[in-house]
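A quick note: this is a predicted structure, and the numbers were derived from the prediction, not measured. FYI, side chains are in, hydrogens and waters are out, and symmetry mates aren't considered; it's all heavy atoms of this structure.
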Amino acid sequence: MNSTTPPDNHAPRNSQSEAQLLQADENESRRLLPLSASPKSDAAPIQSEVDEDEEAAYDARQKILIADFELDTPNYSGAPPFSWKKLWMFTGPGFLMSIAFLDPGNLEGDLQAGAIAGYSLLWLLMWATAMGLLIQLLSARLGVATGQHLAELCRDEYPDWARIVLWFMAEVALIGADIQEVIGSAIAIQILSRGFLPLWAGVLITAADCFIFLLLENYGVRKLEAVFAVLISTMGLSFAWMFADAKPSRKELIVGLLVPRLSSRTIRQAVGVVGCVIMPHNVFLHSALVQSRKIDPDKKDQVQEALIYYSIESSAALFVSFLINLCVTTVFAKGFSGSKQAEYIGLVNAGQYLEEKYGGGLFPILYIWGIGLLAAGTSSTITGTYAGQFIMGGFLNLRLKKSLRALITRSCAIVPTIIVALVFNKSESSLDILNEWLNVLQSIQIPFALIPLLTLVSKEQLMGAFKIGPLLGRAAWTVAGLVMVINGYLLLHFFLSEVSGLLIGSLVSTGTAAYIAFVVYLISRSDCELSNWLSRFIPNTSTCCGN
């Protein structure tokens, strides 16, 4: 009996030790594997086993659990009844996305369109917002159906050289947008301090929003979304107050919305209205924001229901942004359309012109404008930091701490912005020229967000049952093509007026040729009619370049 006891006691210990060793090896191998190589079902556990501070779109603890989702089964047939409670739980990502439609660059486009074109471009603002909604809904669809965001999917879809180019272009677009947003906030601070704080000081104050963002994120996604709700409400109240003070013509407003009008004098403002709606970094951002809710991409019913609620929420968010943009445009249309000042109004001097036109009142309109502009700049710089984390992490597969990732992202924008503030703070005209260059910079990047998005959302092996159909695909490619052609006109007009000299002209021509070649390459990898036409001239593009 005694001779057999030790083996009985040792057997469990050996098997337990082997199991522990196997588990340790498995955990180590999982830790060393790239994130893209791990299966979807293991994504959340792996993230929890790795250091808790490492960056991810959203780890399992951050995701919001939607009530009744656990009751859904793969055999469930028929859509569940609409629930206001569920809609409330899904509300948030669309409003964060809508901030890009309300950033200082868009507000400047609004005020210039109103001052120069009057009410005549309101119809274009409405349809441009609708086009932007279509693109953003496709971005949300991609994120929900795949469980990954656009930057991550681009990393897997394209060869290394193309992935690096796309990442670089996305970062350049983000930096350009961030410079506009930070300078917009700095201008607002300058207005509210009555000129006591110079532009560069406002830039430094705005830089602190990175740390505010990190603090808010530690309290959870819903707290962060609540802060953005306050900022959007502040913008809405400020610009609605301006609208009430200015008392624009209701008749002209309705005619401007319903009757399309365009003249050679207002063509540049029309291009600006459309060009400001599609923001490259916002396309990447929305596909990541929708993953803040706990949705299983493998459960078709959950995905379908989530897409319905996200569509309602995004539509409501962009309707609010449209109303705010409408208020800004009509205020400046009423006050400055046809005046001598119309050609000279920009973001820097808009508050001064408003004060001269509408005076003080119960609360001076100058400060109302400054508060709204500050809310727009602050919210857009924080979402820019957010987008920068997803873009950098997705394309490069970097696993850095969130604090370090945010610091790098913020520094990439703040350092050039401080330089810009010091160099261009000599006159109002110099800042207006800077804004034109930044608009051109972002216009150049638009194809590098839209084409990958439409390529990926059309792939059946990636999207499964949620692949977009032929009709929606044609509509999306038509919108993308229209936006790219309009921005192409802006670029052509800008370079013909600004570029001179043989050396600079040859450099621009070479860069343009490389740019067009890369756009053609991206289109050739998509599954669309234009790609099929291009394949006659560029055969086997995807196979020769590799995946």
Side-chain angles (χ1 to χ4, degrees), residues 101-134 235-236 239-240 242-279 318-347 349-351 353-354 356-358 365 369 372 376 432 435-436 439-440 443 478-479 482-494 497:
F101 290 71
L102 298 168
D103 70 357
N106 276 277
L107 297 182
E108 182 161 29
D110 292 337
L111 66 89
Q112 289 176 344
I116 296 174
Y119 299 87
S120 64
L121 296 181
L122 293 180
W123 66 275
L124 189 60
L125 174 64
M126 179 176 67
W127 285 106
T129 305
M131 291 192 296
L133 174 62
L134 173 61
M235 278 186 273
F239 297 132
M242 287 173 50
F243 182 88
D245 276 353
K247 298 181 177 64
S249 170
R250 294 182 181 179
K251 179 181 177 181
E252 291 190 60
L253 190 156
I254 294 172
V255 171
L257 284 173
L258 300 180
V259 181
R261 290 177 291 174
L262 193 61
S263 67
S264 58
R265 187 177 66 89
T266 61
I267 188 70
R268 188 173 181 181
Q269 283 68 42
V271 170
V273 168
V274 177
C276 287
V277 168
I278 307 296
M279 304 291 286
L318 288 195
F319 179 70
V320 171
S321 74
F322 167 70
L323 292 179
I324 292 174
N325 286 318
L326 182 73
C327 287
V328 176
T329 303
T330 53
V331 165
F332 283 87
K334 169 66 184 302
F336 305 100
S337 178
S339 67
K340 295 180 180 179
Q341 303 100 319
E343 297 289 340
Y344 305 102
I345 294 179
L347 205 62
N349 57 20
Y353 280 121
L354 284 170
E356 293 174 358
K357 181 69 179 179
Y358 297 108
I365 196 169
W369 167 255
D432 290 337
N435 187 63
E436 288 186 16
N439 285 336
V440 168
S443 297
T478 301
V479 168
L482 182 62
V483 171
M484 287 188 282
V485 167
I486 289 174
N487 282 281
Y489 171 85
L490 173 65
L491 296 176
L492 181 63
H493 181 273
F494 181 81
S497 61

*First locate atom NZ of K334, then atom NZ of K357, and finally report the distance between them rounded to the nearest 0.5 Å.*
8.0 Å
_Quick check: closest heavy atoms across A333 and S337, and the distance to 0.1 Å?_
O-CB, 3.0 Å
*Not counting sequence neighbours, which residues clear side chain to side chain donor-acceptor pair (under 3.5 Å) with T266? List them please.*
S263
*side chain to side chain contact (heavy atoms under 4.5 Å, CB included) partners of S339, counting only residues at least two apart*: F336, Q341, A342
*For G346 and Q112, work out which heavy atoms get closest and say how close.*
CA-NE2, 4.3 Å
Distance-only check: which donor-acceptor pairs under 3.5 Å involve side-chain atoms of residues 115-127, not counting sequence neighbours?
unit_1 : atom_1 : unit_2 : atom_2 : d
Y119   : OH     : S249   : N      : 3.2
S120   : OG     : A117   : O      : 2.7
W123   : NE1    : S120   : O      : 2.9
W123   : NE1    : R261   : O      : 3.0

_Residue pair D245 / Y358, side-chain heavy-atom distance below 4.5 Å_ = no
_A350: partners by side chain to side chain contact (heavy atoms under 4.5 Å, CB included), with sequence neighbours left out_ = L111, F332, I345, W369
*Could you tell me the separation between the NZ atom of K247 and the CE atom of M242, rounded to the nearest 0.5 Å?*
13.5 Å
*Yes or no on side chain to side chain contact (heavy atoms under 4.5 Å, CB included) for V273 and T329, after CA distance, side-chain angles and deciding distance?*
CA-CA 11 Å; V273 168; T329 303; over 6 Å; no
*asked:* Do D110 and F239 make a side-chain contact, defined as non-hydrogen atoms from C-beta onward lying under 4.5 Å apart?
replied: no
Listing, residues 319-328 side-chain donor-acceptor contacts under 3.5 Å, not counting sequence neighbours, or none:
unit_1 : atom_1 : unit_2 : atom_2 : d
S321   : OG     : L318   : O      : 2.8
N325   : ND2    : F101   : O      : 3.1
N325   : ND2    : S321   : O      : 3.1

*Not counting sequence neighbours, which residues clear side chain to side chain donor-acceptor pair (under 3.5 Å) with N106? List them please.*
D103
_I'd like to check V479 versus I278 (side-chain heavy atoms, cut-off strictly below 4.5 Å). Are they in contact?_
no
